[in-house]
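Residue numbering restarts at 1 for every chain, and letters A, B, ... go by the order of the sequence lines.
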Amino acid sequence: MNNAQERHYLIIWLWLVVLVGISVAAASALPKIQALVLIFSIAIVKALLVARNYMHLKNEKPIYYAMALVPLAFVIILLLGLFPDFVYHVTKP
Amino acid sequence: MNSQAAAMSGVETPVGKNGTWWFLASEIPIFGGLIAAYIVMRLGSAGWSDASSHLNFNIALTNTFLLLTSSMTIVMAHAAVQNSALKRGANFLGLTILLGLGFLGMKAFEYGTEISHGFLPSSGIFWSFYYGMTGLHALHVLAGIVVNVVLWSQAVKGSLARHPHRVELAGLYWHLVDIIWIFLFPLLYLA
């Protein structure tokens with residue numbers, strides 16, 4: 001068994017746990033908007049830590065990044081497309 | 001092994017890995033669409049914070065810990081099986097299964113508490129989203145557990161030695177389930 005590999009996975013897990021702790025602390029300690037920005041930034045960092053280290057994306061071919069990012073781009077387009085209707089209640093005259 | 005399978009074993013990227021990534025890519029719009037709809041609906045209407053305050057934060061935090069830990073144990077199972085340490089791989093797979101079952105048990109308890117307090121999927125749009133998103137996620141956890149149980153039994157019997165890459169494929173799926181929870185937790189319990 002490769003001890004260095006196991007140690008690396010353990011360190012990533014520790015980072016993930018620490019980041020969860022920071023998110024929870026931010027939710028109760030910071031003003032709402034600042035807390036939300038920090039919490040979701042941390043969620044993105046945690047997802048990247050899992051994807052790059054546990055899913056080994058950092059050692060994979062670019063095609064796998066594309067397979068993850070293209071559907072994500074569609075979701076973001078959907079989110080932005082729905083925003084005017086639901087958040088600002090913009091309707092056609 | 002037939003000639004096509006023999007030829008495939010020599011290629012750099014296994015077909016199963018490409019197929020798994022395609023499958024994972026198809027999961028992103030499913031959960032991404034739900035999350036996008038949740039965000040715009042929540043930003044566009046008031047009163048959702050009151051509804052979310054009835055959720056059990058401590059259970060969700062424990063579940064976050066269980067899933068993050070299970071991601072580590074399954075990647076360690078993959079590393080062990082790759083290094084021909086089947087018994088160690090089986091132990092890590094067994095631990096992953098237990099952590100997944102722990103997650104589902106906690107979720108079932110949380111659902112029971114909420115339902116006993118009268119919060120049903122029909123109780124409002126927040127609850128519809130809550131049960132829809134977490135229920136679909138729990139089904140994915142259950143599917144992952146079934147796959148892990150099959151691999152664990154193969155590891156115990158020793159037949160997994162011929163197909164070590166299967167643990168990697170199961171791990172890819174399990175990590176996606178973990179990533180989805182990484183976003184569901186703050187969306188539902190912290191925001």
Side-chain angles (χ1 to χ4, degrees), chain A residues 1-2 5-6 8-10 12-17 19-21 23-24 26-28 32 35-36 38-40 42-51 53-57 60-61 63-64 66-89, chain B residues 12-13 17-18 21-37 39-45 49 57 61 64-65 67-69 71-76 78-80 82-85 88-89 168 171-176 178-180 182-187 189-191:
Chain A
M1 188 63 221
N2 187 340
Q5 206 175 13
E6 276 198 359
H8 173 71
Y9 293 144
L10 188 63
I12 296 297
W13 176 80
L14 282 172
W15 269 113
L16 291 169
V17 172
L19 289 172
V20 171
S23 297
V24 172
S28 54
K32 185 92 178 169
L36 286 177
L38 184 62
I39 286 167
F40 287 103
I42 286 175
I44 291 168
V45 171
K46 284 185 332 196
L48 285 173
L49 277 175
V50 172
N53 296 282
Y54 288 172
M55 298 172 90
H56 305 119
L57 259 184
E60 292 288 4
K61 297 173 193 166
I63 184 72
Y64 292 122
M67 286 166 91
L69 292 177
V70 169
L72 202 58
F74 281 119
V75 169
I76 291 168
I77 290 168
L78 172 75
L79 182 65
L80 295 176
L82 289 172
F83 239 80
D85 276 351
F86 286 88
V87 180
Y88 303 121
H89 303 284
Chain B
E12 198 179 332
T13 305
K17 193 169 178 178
N18 286 336
W21 271 103
W22 273 115
F23 172 66
L24 299 187
S26 75
E27 291 279 345
I28 293 172
I30 295 172
F31 279 98
L34 272 171
I35 288 171
I39 290 171
V40 291
M41 292 292 283
R42 179 157 184 168
L43 290 175
S45 48
S49 293
F57 171 77
L61 187 60
T64 302
F65 180 77
L67 265 198
L68 289 179
T69 308
S71 254
M72 180 186 66
T73 56
I74 200 164
V75 80
M76 287 203 176
H78 171 220
Q82 252 190 341
N83 289 296
S84 305
R88 192 174 173 80
E168 183 186 11
L172 286 174
Y173 172 78
W174 194 259
H175 298 312
L176 182 83
D178 183 25
I179 287 175
I180 292 164
I182 282 174
F183 287 101
L184 289 185
F185 172 64
L187 268 176
Y189 296 89
L190 292 180

Would you compute the distance between atom [atom1] of [X] and atom [atom2] of [Y] and round it to the nearest 0.5 angstrom?
{"X": "A/Tyr64", "Y": "B/Leu172", "atom1": "OH", "atom2": "CG", "value": "9.0 Å"}
{"X": "B/Met76", "Y": "A/Leu10", "atom1": "CE", "atom2": "CG", "value": "5.5 Å"}
{"X": "B/His78", "Y": "A/His56", "atom1": "NE2", "atom2": "NE2", "value": "6.0 Å"}
{"X": "A/Asn53", "Y": "B/Met72", "atom1": "CG", "atom2": "CE", "value": "13.5 Å"}
{"X": "A/Ile39", "Y": "B/Leu187", "atom1": "CD1", "atom2": "CG", "value": "10.0 Å"}
{"X": "B/Thr69", "Y": "A/Trp13", "atom1": "OG1", "atom2": "CH2", "value": "5.0 Å"}

Given that the side chain runs from C-beta out, which part of [X] has a heavy atom under 4.5 Å from chain A: side chain, backbone, both or neither?
{"X": "B/Thr64", "result": "side chain"}
{"X": "B/Trp22", "result": "both"}
{"X": "B/Glu168", "result": "side chain"}
{"X": "B/Ser84", "result": "neither"}

For residues 68-84 of chain A, which residue pairs pass the side chain to side chain donor-acceptor pair (under 3.5 Å) check, not counting sequence neighbours?
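Listed once each, the pairs would be none.
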Given heavy-atom pairs under 4.5 angstrom as the criterion, report whether the side chain, backbone, both or neither of [X] touches chain B.
{"X": "A/Ala51", "answer": "both"}
{"X": "A/Leu72", "answer": "both"}
{"X": "A/Ala27", "answer": "side chain"}
{"X": "A/Ile12", "answer": "neither"}
{"X": "A/Leu49", "answer": "neither"}
{"X": "A/Leu57", "answer": "side chain"}

Choice from A/Ile44, A/Ile42, A/Leu69 maximising heavy atom contacts with chain B below 4.5 Å
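Max contact count across the listed options: A/Ile44.
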Tell me, out of A/Tyr9, A/Phe74, A/Tyr54, who's got the most heavy-atom pairs with chain B below 4.5 Å.
A/Tyr54
Looking at every heavy atom in both A/Leu78 and B/Gly33, which two are closest together, and how far apart are they?
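Heavy atoms only, the tightest pair is CD2-CA, 3.9 Å.
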Taking all atoms of both residues into account, what is the closest heavy-atom pair of B/Ile182 and A/Lys46, and its distance?
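Heavy atoms only, the tightest pair is CG2-CE, 3.7 Å.
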Can you check side chain to side chain contact (heavy atoms under 4.5 Å, CB included) on B/Ile179 and A/Met55, steps first, answer last?
CA-CA 11 Å; B/Ile179 287 175; A/Met55 298 172 90; 3.9 Å; yes
Applying side chain to side chain contact (heavy atoms under 4.5 Å, CB included) to A/Met67 and B/Asn18, what does each step give before you reach the verdict?
CA-CA 10 Å; A/Met67 286 166 91; B/Asn18 286 336; 5.6 Å; no
Using a cut-off of under 4.5 Å for heavy-atom pairs, which of [options] has the most such pairs with chain A?
{"options": "B/Leu43, B/Ile28, B/Leu24", "answer": "B/Ile28"}
{"options": "B/Gly171, B/Ala37, B/Ala191", "answer": "B/Ala191"}
{"options": "B/Ile35, B/Ile180, B/Val40", "answer": "B/Val40"}
{"options": "B/Pro29, B/Ala36, B/Ser26", "answer": "B/Ala36"}

Would you please name every residue forming a side-chain contact (heavy atoms from CB on, under 4.5 Å) with B/Phe57, sequence neighbours left out?
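Partners of B/Phe57 by the side-chain contact (heavy atoms from CB on, under 4.5 Å) criterion, ordered by chain and then number, come out as A/Val24, B/Leu61, B/Phe185, B/Tyr189, B/Leu190.
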